[in-house]
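See below for the structure under consideration.
Order of listing sets the numbers, starting from 1, for every ligand and every atom in it.
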Amino acid sequence: MSLRNVVLLGATGSIGQSACRVARDLPDRVRIVGMSGFRNMPRLAEEANRLRPEVLAVPDAEAEAELRTKLDYAPAKIFTGEEGLVSLASWPSADMVLVAIVGTGGLRPTLAALEAGKDIALASKEVLVMAGEMVMATARRHGRRILPVDSEHNAIFQCLEGRDTRHVRRLILTASGGPFRSWPGEQLRAVTRQEALRHPTWRMGEKITIDSATLFNKGLEMIEARWLFDVDITRIDVVIHPQSIVHSMVEFVDGSVLAQMSHSDMRFPIQYALTWPDRIAGTLPPLEWAKLGKLDFEEPRYDVFPALDLARQAAERGGAASAVLNAANEVAVAEFLAGRIAFPRIWEIVAAVLDSTGGTAADLDALLEADREARERASVLARS
Ligand code: NDP
Ligand code: MG
């Protein structure tokens, strides 16, 4: 039995909160040594007072002052700013960093953690979509692992364990289909923020919930899988599975398929990533098969939800195309959430930005430049 010392980036979010629960339930296995929050200082203080991490990171001095008034213990250090996240991710006593910051804000801390010799438990798929090649190469160079927390990738990781990847024919990602799975396409123009935020099976942060409604979440996950498992994008398929019980599957060359199943509760993949390679008898509920009744599978409606084809195109183009797709999507989702654009504009804006922007992935600066340019174009389009 080994205790893992974990830094938790994004402790105040949906994944962060589930990770805190896992740590509280398994105190002999997981010790949270560092935590970050962004806007929600009351929640950061609450979790910090319970789990007493040595170090914390917040965006600025004002947040630090607010946090200090709420803490009932004295941490060794409170870091501030983007550099603070990098320092937190490289904190000496940590073995592993769980990256659960929404968007690409997790990229620099992820690279810093790998360079400091930490393993990564990765929830922030945007990090691999933006810079998958670079992140995986950095992990290899430092002999570190990236353990997937995203439920689909955690499922595939479990199905692949101990197998020869040459025997894999394809990876099959399951998707709930989101709240508009069976809506007529023409009704999607009138979708409200509230309707889009009502996910049928998962309770998550706002950005990923909108991504699940457009199916960009699955598009981003195809690209994430391409890098995590080093599989060509043409061998990654998507099937709609509304119950979210089968989290993904691996089909082998002989036609056999392995699937991983559990309730749709992110504590399953989080616990597995934090305690891997062990399986810990925890507090998570097993499936009751007779109550489940049936599991359904359907073909995605590619024409109504163009996000899957756009993601495939971006992956095939290579270079900075996936970073561009991701950046344009982040801006478009924020514009939709702010009530400034209609729901289908998210696809239209991403498609237009992807068409008009090139860029290489030569190094981090080139990727950041492509990301910045794509954000600018997407903002202009959202306002036109
Ligand atoms: P949330 O919106 O619930 O949480 C986001 C976290 O990131 C919060 O801790 C937030 O802090 C912090 N944060 C936001 N902006 C910044 C920033 N600019 N710099 C530093 N920290 C920031 O998101 P989720 O937990 O739902 O998702 C997190 C990541 O995990 C996403 O990449 C998502 O795609 C991925 N994921 C999530 C799943 C889920 O079930 N929720 C499933 C699979 C993947 P604060 O709240 O204090 O402002
Ligand atoms: Mg997922």
Side-chain angles (χ1 to χ4, degrees), residues 7-22 35-48 56-60 63 66-67 70 79-86 88-89 98-110 120-130 147-157 173-178 197 199 201-212 214-225 228 238 241 244 246-248 260 262-270 273 326 329-330 333-334 337:
V7 159
L8 176 48
L9 303 182
T12 46
S14 163
I15 291 283
Q17 294 286 283
S18 295
C20 288
R21 265 188 83 183
V22 168
M35 275 184 188
S36 82
F38 196 61
R39 291 205 181 83
N40 196 341
M41 290 307 113
R43 188 174 283 168
L44 183 61
E46 190 187 334
E47 287 303 345
L56 296 161
V58 298
D60 51 34
E66 183 189 346
L67 181 64
K70 294 181 164 60
F79 293 114
T80 54
E82 278 183 42
E83 276 315 302
L85 279 179
V86 166
L88 179 64
L98 169 51
V99 185
I101 290 175
V102 61
T104 47
L107 175 57
R108 276 180 198 279
T110 300
I120 298 288
L122 188 68
S124 306
K125 62 197 80 188
E126 296 93 340
V127 165
L128 284 183
V129 175
M130 182 176 176
L147 294 150
V149 168
D150 208 347
S151 55
E152 294 76 3
H153 306 73
N154 192 273
I156 290 170
F157 177 73
L173 298 172
T174 52
S176 73
L197 284 173
H199 195 276
T201 49
W202 295 96
R203 286 217 320 278
M204 315 178 281
E206 287 192 340
K207 196 257 174 182
I208 184 175
T209 305
I210 300 301
D211 284 347
S212 300
T214 58
L215 288 201
F216 265 119
N217 183 49
K218 213 49 55 182
L220 300 179
E221 289 181 354
M222 288 166 65
I223 303 172
E224 181 187 15
L228 271 173
V238 172
H241 166 46
S244 302
V246 175
H247 296 301
S248 278
Q260 184 270 337
S262 72
H263 285 292
S264 49
D265 181 330
M266 287 306 291
R267 288 179 298 159
F268 282 95
I270 292 169
N326 177 63
N329 179 55
E330 264 187 59
V333 169
L337 283 170

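- Under 4.0 angstrom from ligand 1, the non-hydrogen atoms of Ser14 come from both its backbone and its side chain.
- Side-chain contact, Thr201 with Ser244: a donor N or O sits under 3.5 Å from an acceptor N or O.
- Salt-bridge formation is not detected for the pair Glu83/Arg108: no Lys NZ or Arg NE/NH1/NH2 atom is positioned less than 4.0 Å from an Asp or Glu carboxylate oxygen.
- Looking only at heavy atoms of the protein, atom 13 (N) of ligand 1 is closest to Phe38 CB, 3.6 Å.
- Every atom of ligand 1 with a heavy atom of Glu126 under 4.0 Å away is listed here by number and element: 31 (C), 32 (O), 34 (O).
- In this structure, a donor-acceptor pair under 3.5 Å is present between the side chains of His199 and Ser176.
- Listed by number with element, the atoms of ligand 1 under 4.0 Å from a non-hydrogen atom of Val102 are 5 (C), 7 (O), 14 (C), 31 (C), 32 (O).
- Near Met204, meaning under 4.0 Å from one of its heavy atoms, ligand 1 places the atoms 26 (O), 39 (C), 40 (O), 41 (N).
- With hydrogens and angles ignored, the 3.5 Å screen pairs no side-chain donor or acceptor of Ser248 with any backbone N or O of Ile156.
- Residues passing the side-chain hydrogen bond (donor to acceptor under 3.5 Å, both in side chains) test with Thr80, sequence neighbours excluded: none.
- By the ring-ring contact (aromatic ring centres under 6.0 Å, His included) test, His153 is found to be paired with no residue, residues two or more places apart in sequence or in another chain being considered.
- Distances shorter than 4.0 angstrom occur between a heavy atom of Gly205 and an atom of ligand 1.
- Side-chain N or O atoms of Gln17 include one that pairs as donor or acceptor with a backbone N or O of Ala11 at under 3.5 Å.
- For Asn40, a nitrogen or oxygen atom sits less than 3.5 Å from a nitrogen or oxygen atom of ligand 1, counting backbone and side chain alike.
- Salt bridge present: Glu66 and Lys70 bring a charged side-chain N and a carboxylate O closer than 4.0 Å.
- Here the shortest heavy-atom distance to atom 34 (O) of ligand 1, taken over Lys125, Glu206, His153, belongs to Lys125.
- Ligand-side atoms of ligand 1 in range of Gly13: 1 (P), 3 (O), 4 (O), 8 (C), 9 (O), 25 (O), range being under 4.0 angstrom from any heavy atom.
- By the criterion of a heavy-atom distance under 4.0 Å, neither the backbone nor the side chain of Lys207 is placed next to ligand 1.
- Comparing Leu9, Asp150, Ile208 against atom 33 (C) of ligand 1, the shortest heavy-atom distance belongs to Ile208.
- In summary, the aromatic rings of His247 and Trp202 are positioned with their centroids under 6.0 Å apart.
- Using a 4.0 Å cut-off between heavy atoms, Met266 contacts ligand 1 through its side chain alone, with no backbone atom that close.
- With rounding to the nearest 0.5 angstrom, the CG atom of Asn154 is 11.5 Å from the CG atom of Leu122.
- The closest protein non-hydrogen atom to atom 27 (O) of ligand 1 is Ile15 CG1, 4.2 Å.
- For the atom pair Asp211 CG and Glu221 CD, the distance stands at 9.5 Å (nearest 0.5 Å).
- Contact check on Arg43 versus Glu46 returns no salt bridge, with no Lys/Arg side-chain nitrogen under 4.0 Å from an Asp/Glu carboxylate oxygen.
- Taking every heavy atom of Ala123 and a limit of under 4.0 angstrom, the matching atoms of ligand 1 come to 30 (O), 35 (C), 36 (N), 44 (C).
- Around the Mg ion (ligand 2), the protein contributes the following N, O or S atoms at distances under 2.8 Å: Asp150 OD1, Glu152 OE1, Glu221 OE2.
- Separating the CE atom in Met204 from the OG atom in Ser14 is a distance of 7.5 Å, to the nearest 0.5 Å.
- Ligand-side atoms of ligand 1 in range of Gly10: 9 (O), range being under 4.0 angstrom from any heavy atom.
- Side-chain atoms of Lys207 do not come within 3.5 Å of backbone N or O of Val333 as any donor-acceptor pair.
- In terms of protein heavy atoms, atom 45 (P) of ligand 1 is closest to Thr12 OG1, 3.2 Å.
- For ligand 1, the atoms closer than 4.0 angstrom to any heavy atom of Arg39 are 45 (P), 47 (O), 48 (O).
- For atom 28 (C) of ligand 1, the nearest protein heavy atom (residue, atom name, distance) is Ala100 O, 3.4 Å.
- Under the rule for a side-chain hydrogen bond (donor to acceptor under 3.5 Å, both in side chains), the partners of Asp150 that lie at least two apart in sequence or sit in another chain are Lys125.
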